[in-house]
Participant: 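One structure coming up, written as structure tokens, with questions to follow.
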Amino acid sequence: MVCKELLLFILLVPVCCSGCKADIETSITCESTSSQLSCAGTDVIEIYSANYGRTDSSICSQGKPTSQLVNVKCFLPQAIDIVSQRCSGKTNCEVTANNAVFTDPCVGTYKYLEITYACIPTEMSITCESFPSQISCEMGSIKIYKANYGRTDSSVCSNNKPSEQLVNVNCYLPKTLDVMSKRCDGKTSCEVMATNDVFSDPCYGTYKYLEVVYACLSVKKSITCEHELAKLQCGSDAIKIYSANYGRTDKSICSVDKPLSQLTNVQCMLPKALNILCSRCDGKKSCEVEASNAVFSDPCVGTFKYLEILYDCLPDC
């Protein structure tokens with residue numbers, strides 16, 4: 001009988017073992033059990049990578065026949081979208097590692113769900129109607145997690161306003177998050193007017209305000225097409241690699257002037273890409289890596305590949 005404590009565990013370690021320790025966590029959940037992610041206080045979950053499949057024969061292997069463990073090239077690229085939709089921006093979430101949630105990327109293989117994530121401290125911005133909402137990050141880039149233009153509290157933005165403009169506290173505009181994300185995500189600063197012209201009027205006659213929950217993310221993404229040079233720069237800080245893949249998981253990236261036959265395989269992964277990047281870049285202030293088969297080997301012959309890297313710049317240890 002498999003011990004329950006072996007089915008779910010959280011590794012409170014960086015994804016790569018060298019360099020400065022960061023608040024990146026890895027959750028591994030064996031098939032048919034649930035992954036539970038949680039953050040303390042008001043911190044929210046930010047998903048960096050996810051895969052439902054198998055890339056290691058030893059993980060979640062106890063009591064399983066060898067035939068269910070030998071396929072270590074089992075990937076599900078859409079796993080990150082599924083997990084992000086369920087968990088990103090929340091303080092806690094639960095995701096079951098099964099085919100009903102993710103589909104089956106490799107029939108006959110006993111799978112597991114691997115997630116890398118961080119707990120991100122958030123800030124709140126409240127802007128009264130007709131005034132500009134100004135959001136900025138001294139370090140990193142803006143990520144909007146929650147937003148509403150309306151009213152959910154009668155005391156906020158209430159000075160000198162008649163009571164009839166404050167009594168409706170069930171005023172919501174669901175598209176607010178989409179509007180704010182498009183205007184602010186990925187930028188170091190943004191300004192959005194809290195007006196009906198920008199958002200439309202969700203509750204006529206009510207004096208509204210714009211409430212935004214956001215974070216400043218320092219993690220960066222680098223995408224380099226095959227045969228080109230990936231250049232990572234951190235100034236006086238040190239590079240920390242969190243994840244890396246040389247292959248293809250999206251047919252639209254690095255696709256210009258390429259025949260469709262070189263873009264259709266979107267399950268092209270190379271697990272050892274992470275180790276290669278860690279050994280070449282971790283702890284350095286800058287590094288260059290060619291996105292080529294000569295450096296990484298060829299995980300999918302006939303597919304035009306790209307190198308995708310998730311990294312941060314951390315103070316030297």
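Keep in mind that the numbers below use all heavy atoms, side chains included, and drop hydrogens, waters and symmetry copies. A quick note: this is a predicted structure, and the numbers were derived from the prediction, not measured. When a residue number appears, it is its place in the shown sequence, counting from 1.
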Participant: List the atom of C216, the atom of S136, and the distance in Å for their closest heavy-atom pair.
Facilitator: SG-O, 4.0 Å
Participant: Please enumerate all residues that pass salt bridge (charged side-chain N to carboxylate O under 4.0 Å, His left out) together with E308, with sequence neighbours excluded.
Facilitator: K221
Participant: Using distance only, find each side-chain donor-acceptor pair of residues 39-47 under 3.5 Å and give its atom names and separation, not counting sequence neighbours.
Facilitator:
| from | atom 1 | to | atom 2 | distance (Å) |
| --- | --- | --- | --- | --- |
| E46 | OE1 | K143 | NZ | 3.2 |
| E46 | OE1 | Y145 | OH | 2.6 |
| E46 | OE2 | K143 | NZ | 3.4 |

Participant: Say whether, by atom type as modelled, one donor and one acceptor occur between the side chain of R151 and the main chain of N170 under 3.5 angstrom.
Facilitator: no
Participant: Could you list the cluster mates of V179? Members are the ILVMFWY residues connected by side-chain heavy atoms closer than 4.5 Å, either directly or through other members.
Facilitator: I135, I142, I144, Y149, L173, L177, M180, V192, M193, V198, F199, L210, V212, Y214
Participant: Does the R248 side chain pair with the main chain of T264, one donor and one acceptor, at a distance under 3.5 Å?
Facilitator: no
Participant: In terms of hydrophobic clusters joined by side-chain contacts under 4.5 Å, are V289 and I309 together?
Facilitator: yes
Participant: Drop me the distance from C281's SG to I241's CD1, to the nearest 0.5 angstrom.
Facilitator: 5.0 Å
Participant: Where is the tightest heavy-atom contact between G205 and Q165, given as atom of each residue plus distance?
Facilitator: O-CG, 3.5 Å
Participant: Take a 6.0 Å sphere around NZ of K146 and say whether it holds more than 12 heavy atoms from other residues, nucleotides or ligands.
Facilitator: no
Participant: Other members of the hydrophobic cluster containing Y306, with the 4.5 Å side-chain heavy-atom rule, please.
Facilitator: I223, I253
Participant: Hey, mind stepping through T249 and M269 against side-chain contact (heavy atoms from CB on, under 4.5 Å) and telling me if it holds?
Facilitator: CA-CA 8 Å; T249 59; M269 307 279 285; 3.3 Å; yes
Participant: Output yes when a side-chain donor or acceptor of K187 lies under 3.5 Å from a complementary backbone atom of R183, and no otherwise.
Facilitator: yes
Participant: T96 and S34: which non-hydrogen atoms are nearest, and at how many Å?
Facilitator: OG1-OG, 3.1 Å
Participant: Counting only heavy atoms not in E138, do more than 12 fall under 6.0 Å of its CD?
Facilitator: no
Participant: Assess whether side-chain hydrogen bond (donor to acceptor under 3.5 Å, both in side chains) is satisfied between S155 and D153, documenting all intermediate values.
Facilitator: CA-CA 6 Å; S155 64; D153 189 308; 2.6 Å; yes
Participant: For the residue pair C119 and P121, what are the closest heavy atoms and their distance?
Facilitator: O-CD, 3.8 Å
Participant: Please check: side-chain N/O of K284 versus main-chain N/O of R280, any donor-acceptor pairing under 3.5 Å?
Facilitator: yes
Participant: Linking directly or through intermediates, with side-chain heavy atoms under 4.5 Å: list the remaining ILVMFWY members grouped with V72, chain and number order.
Facilitator: none
Participant: Which residues pass the salt bridge (charged side-chain N to carboxylate O under 4.0 Å, His left out) test with E226, not counting sequence neighbours?
Facilitator: K305
Participant: For the hydrophobic clusters of this structure (ILVMFWY residues joined by side-chain heavy atoms under 4.5 Å, transitively), does one cluster hold both V295 and L274?
Facilitator: yes
Participant: Check whether the side chains of D250 and S252 place a donor and an acceptor atom closer than 3.5 Å, and report yes or no.
Facilitator: yes
Participant: Donor-acceptor pairs are to be reported for all side-chain atoms of residues 76-87 against protein atoms at under 3.5 Å, with residues two or more places apart or in another chain.
Facilitator:
| from | atom 1 | to | atom 2 | distance (Å) |
| --- | --- | --- | --- | --- |
| S84 | OG | I80 | O | 2.7 |

Participant: Is F75 linked to L270 within one hydrophobic cluster, defined over Ile, Leu, Val, Met, Phe, Trp and Tyr using a side-chain heavy-atom separation of less than 4.5 Å?
Facilitator: no
Participant: So, the side chain of S279 versus the backbone of N275: is there a donor-acceptor pair under 3.5 Å, distance only?
Facilitator: yes
Participant: For the hydrophobic clusters of this structure (ILVMFWY residues joined by side-chain heavy atoms under 4.5 Å, transitively), does one cluster hold both I120 and V213?
Facilitator: no
Participant: If you apply the rule side-chain contact (heavy atoms from CB on, under 4.5 Å), what do you find for N92 with L37, and how did you get there?
Facilitator: CA-CA 5 Å; N92 58 74; L37 310 184; over 6 Å; no
Participant: Any luck finding a side-chain donor-acceptor pair between S243 and S49 under 3.5 Å?
Facilitator: no
Participant: Does a donor on one side chain sit under 3.5 Å from an acceptor on the other, for Y112 and T55?
Facilitator: yes
Participant: Taking only residues two or more places apart in sequence, or in another chain, which ones meet K73 in a salt bridge (charged side-chain N to carboxylate O under 4.0 Å, His left out)?
Facilitator: none
Participant: In Å and rounded to the nearest 0.5 Å, what is the CD1 to OG1 distance from I59 to T29?
Facilitator: 11.0 Å
Participant: Stepwise, does the side-chain contact (heavy atoms from CB on, under 4.5 Å) test hold for K175 with S200?
Facilitator: CA-CA 10 Å; K175 72 174 184 179; S200 76; 3.6 Å; yes
Participant: Quick test of your reading of the model: are K240 and D282 salt-bridged, counting only N-O distances below 4.0 Å?
Facilitator: yes
Participant: Is it true that a side-chain atom of D201 and a backbone atom of T195 form a donor plus acceptor pair closer than 3.5 Å?
Facilitator: no
Participant: Backbone N or O of Y242 within a donor-acceptor pair of the Y311 side chain at under 3.5 Å?
Facilitator: no
Participant: Return the set of residues passing salt bridge (charged side-chain N to carboxylate O under 4.0 Å, His left out) with D185 (not counting sequence neighbours), or none when no residue passes.
Facilitator: none
Participant: Under 3.5 Å, is there a donor-acceptor pair between the N98 and S32 side chains?
Facilitator: no
Participant: Tell me every residue that passes ring-ring contact (aromatic ring centres under 6.0 Å, His included) with F102, counting only those two or more places apart in sequence or in another chain.
Facilitator: Y52
Participant: Got a sec, which hydrophobics cluster with V107, joining ILVMFWY side chains under 4.5 Å apart, including via others?
Facilitator: none
Participant: Calculate, to the nearest 0.5 Å, the distance between atoms CG and OG belonging to L260 and S255 respectively.
Facilitator: 10.0 Å
Participant: What is the minimum heavy-atom distance between K272 and F296, and which atoms define it?
Facilitator: CE-O, 3.0 Å
Participant: When you check the side-chain N and O atoms of T116 and T26, is any donor under 3.5 Å from an acceptor?
Facilitator: no
Participant: With side-chain contact (heavy atoms from CB on, under 4.5 Å) as the criterion, how do N51 and L113 come out once you've worked through the C-alpha distance, each side chain's angles and the decisive distance to 0.1 Å?
Facilitator: CA-CA 6 Å; N51 184 55; L113 173 61; over 6 Å; no
Participant: For residues 124-134, which side-chain donor-acceptor pairs fall under 3.5 Å, sequence neighbours excluded?
Facilitator:
| from | atom 1 | to | atom 2 | distance (Å) |
| --- | --- | --- | --- | --- |
| E129 | OE1 | K208 | N | 2.9 |
| Q134 | NE2 | E191 | OE1 | 2.8 |

Participant: Of all the heavy-atom pairs spanning I115 and S35, show the shortest one and how long it is.
Facilitator: CD1-OG, 3.9 Å
